[in-house]
Amino acid sequence: MKRTAYISAFASIVALLCSCGRLGICQDDELTIAKSDYKDTQLRIDGYFFGDTSPDSNTAYANIFFLYRNGIFFTSEAEDLDRAEKGTIDVDIENSYGKQIKGLWGLFQAKGDVIEIERWLTRIDGCEETIYELGIILNDTMIVITRREYRDNGKVKLLETPNSTFYFRPLQQKPDSTSPYIE
């Protein structure tokens with residue numbers, strides 16, 4: 001009987017924490033990178049970049065970065081590595097499910113050989129903090145992320161120096177860049 005009460009209480013606390021953002025108890029962090037059109041040509045944007053592979057399960061996964069002319073950044077964090085390498089990712093899934101997740105959206109800027117990306121990351125309490133990434137553009141089809149800052153209320157709470165290489169793959173049709181979270 002006591003065990004059931006503890007489990008019920010724990011479930012209630014988890015549910016409350018996960019709904020803090022919806023209840024207005026916490027607030028989402030704001031992106032600090034200004035939204036601006038990408039007019040340069042140092043990066044190809046007629047597809048996606050993939051990298052940060054994770055062999056932690058039976059199937060290796062890759063992170064996907066979509067960059068758009070309007071400065072929007074969209075990510076898919078769990079794409080099958082084999083499909084990502086071949087350029088056969090499923091855009092329909094991203095259009096139907098990914099668009100609804102604020103933690104997959106952000107902004108980017110590229111100037112010279114430097115790229116900056118800032119995006120939201122959903123916390124356990126339902127609010128969004130940000131991830132800021134800094135990278136080097138090696139050529140129009142390859143970037144290396146050299147710095148990753150996990151920020152909460154604009155303050156860096158965790159710093160990583162990943163040295164993660166992202167490779168470009170062309171794609172006939174990318175997910176739509178219309179975001180319900182970025183104007």
Side-chain angles (χ1 to χ4, degrees), residues 28-57 59-122 128-151 162-183:
D28 294 347
D29 286 356
E30 297 293 325
L31 298 177
T32 59
I33 291 180
K35 184 176 183 292
S36 62
D37 289 346
Y38 175 67
K39 297 177 182 173
D40 294 324
T41 59
Q42 71 264 50
L43 288 170
R44 288 187 59 183
I45 59 166
D46 58 328
Y48 61 88
F49 288 84
F50 75 96
D52 258 358
T53 57
S54 171
D56 294 341
S57 64
T59 305
Y61 289 96
N63 286 339
I64 304 291
F65 288 179
F66 293 99
L67 308 175
Y68 297 91
R69 284 269 169 229
N70 60 2
I72 299 275
F73 168 88
F74 179 69
T75 185
S76 174
E77 297 181 323
E79 185 62 50
D80 178 278
L81 177 59
D82 188 49
R83 290 173 52 101
E85 287 175 333
K86 292 178 181 175
T88 58
I89 64 172
D90 190 344
V91 173
D92 291 334
I93 290 174
E94 302 305 335
N95 273 329
S96 54
Y97 297 108
K99 294 182 81 56
Q100 301 166 17
I101 302 170
K102 188 173 184 178
L104 300 179
W105 292 97
L107 297 168
F108 84 97
Q109 291 184 349
K111 294 177 184 158
D113 66 349
V114 175
I115 184 168
E116 294 178 284
I117 300 167
E118 189 175 28
R119 59 189 167 113
W120 285 289
L121 173 68
T122 305
E128 306 288 339
E129 54 191 26
T130 59
I131 298 176
Y132 169 83
E133 294 175 299
L134 182 68
I136 299 167
I137 300 168
L138 298 178
N139 57 50
D140 67 343
T141 61
M142 211 160 62
I143 59 177
V144 178
I145 301 298
T146 58
R147 183 178 182 91
R148 184 174 295 132
E149 299 175 0
Y150 294 85
R151 297 176 176 174
N163 201 34
S164 301
T165 303
F166 282 75
Y167 304 93
F168 179 80
R169 288 295 178 266
L171 193 61
Q172 291 285 335
Q173 178 186 356
K174 290 171 35 174
D176 180 21
S177 70
T178 305
S179 168
Y181 310 107
I182 301 172
E183 294 180 18

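The figures here come from the full heavy-atom set of this structure, side chains too, leaving out hydrogens, waters and symmetry mates.
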- prompt: Relative to each other, are the rings of Trp120 and Tyr181 parallel, tilted or perpendicular (30° and 60° limits)?
  reply: perpendicular
- request: Please state whether the rings of Phe166 and Phe65 are parallel, tilted or perpendicular, taking 30° and 60° as the class boundaries.
  value: parallel
Contact summary for [X] and [Y], nearest pair of heavy atoms:
{"X": "Ile145", "Y": "Pro162", "result": "O-CG, 3.6 Å"}
{"X": "Ile115", "Y": "Ile136", "result": "CG2-N, 4.5 Å"}
{"X": "Ala110", "Y": "Asp40", "result": "O-OD2, 3.6 Å"}
{"X": "Ala84", "Y": "Ile64", "result": "CB-CD1, 3.8 Å"}
{"X": "Phe49", "Y": "Leu43", "result": "CZ-CD2, 3.8 Å"}
{"X": "Gly106", "Y": "Leu31", "result": "CA-CD1, 4.0 Å"}

message: The test is ring pair (Phe, Tyr, Trp, His ring centres under 6.0 Å); show your working for Phe108 and Tyr38 and say whether it passes.
response: CA-CA 9 Å; Phe108 84 97; Tyr38 175 67; 5.5 Å; yes
Stepwise salt bridge (Lys or Arg N to Asp or Glu O under 4.0 Å) check, Asp37 with Lys39: CA-CA 6 Å; Asp37 289 346; Lys39 297 177 182 173; 5.2 Å; no
Do side-chain atoms of [X] reach the backbone of [Y] as a donor and acceptor pair under 3.5 angstrom?
{"X": "Gln42", "Y": "Asp140", "value": "no"}
{"X": "Asp29", "Y": "Glu129", "value": "no"}
{"X": "Lys174", "Y": "Leu67", "value": "yes"}
{"X": "Arg169", "Y": "Glu85", "value": "yes"}
{"X": "Glu118", "Y": "Ile33", "value": "yes"}

field: Geometric cation-pi criterion Arg151 and Tyr132, 6.0 Å radius, 45° cone
entry: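 Judged by the rule, Arg151 and Tyr132 form a cation-pi pair.
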message: Please identify which of these residues, Thr75, Ile117, Leu121, meets the side-chain contact (heavy atoms from CB on, under 4.5 Å) condition with Ile131.
response: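 With Ile131 as partner, side-chain contact (heavy atoms from CB on, under 4.5 Å) holds for just one option, Leu121.
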Are side-chain heavy atoms of [X] and [Y] found at a separation under 4.5 Å?
{"X": "Met142", "Y": "Thr165", "result": "yes"}
{"X": "Tyr68", "Y": "Pro175", "result": "yes"}
{"X": "Ile143", "Y": "Phe168", "result": "no"}
{"X": "Gln172", "Y": "Val91", "result": "no"}
{"X": "Ile89", "Y": "Phe50", "result": "no"}

task: Please indicate whether Lys35 has more than 12 foreign heavy atoms, meaning atoms of other residues, nucleotides or ligands, lying under 6.0 Å from its NZ.
output: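 Enclosed: over 12 neighbouring heavy atoms sit under 6.0 Å from NZ of Lys35.
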How long is the span from the [atom1] atom in [X] to the [atom2] atom in [Y], to the nearest 0.5 Å?
{"X": "Ser76", "Y": "Tyr61", "atom1": "OG", "atom2": "OH", "answer": "11.0 Å"}
{"X": "Arg119", "Y": "Phe74", "atom1": "CZ", "atom2": "CZ", "answer": "11.5 Å"}
{"X": "Ile72", "Y": "Thr178", "atom1": "CD1", "atom2": "OG1", "answer": "8.5 Å"}

query: Salt bridge check: are Glu133 and Arg148 linked by an N-O gap of less than 4.0 Å?
result: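 Counted as a salt bridge, because a side-chain N and a carboxylate O are separated by less than 4.0 Å.
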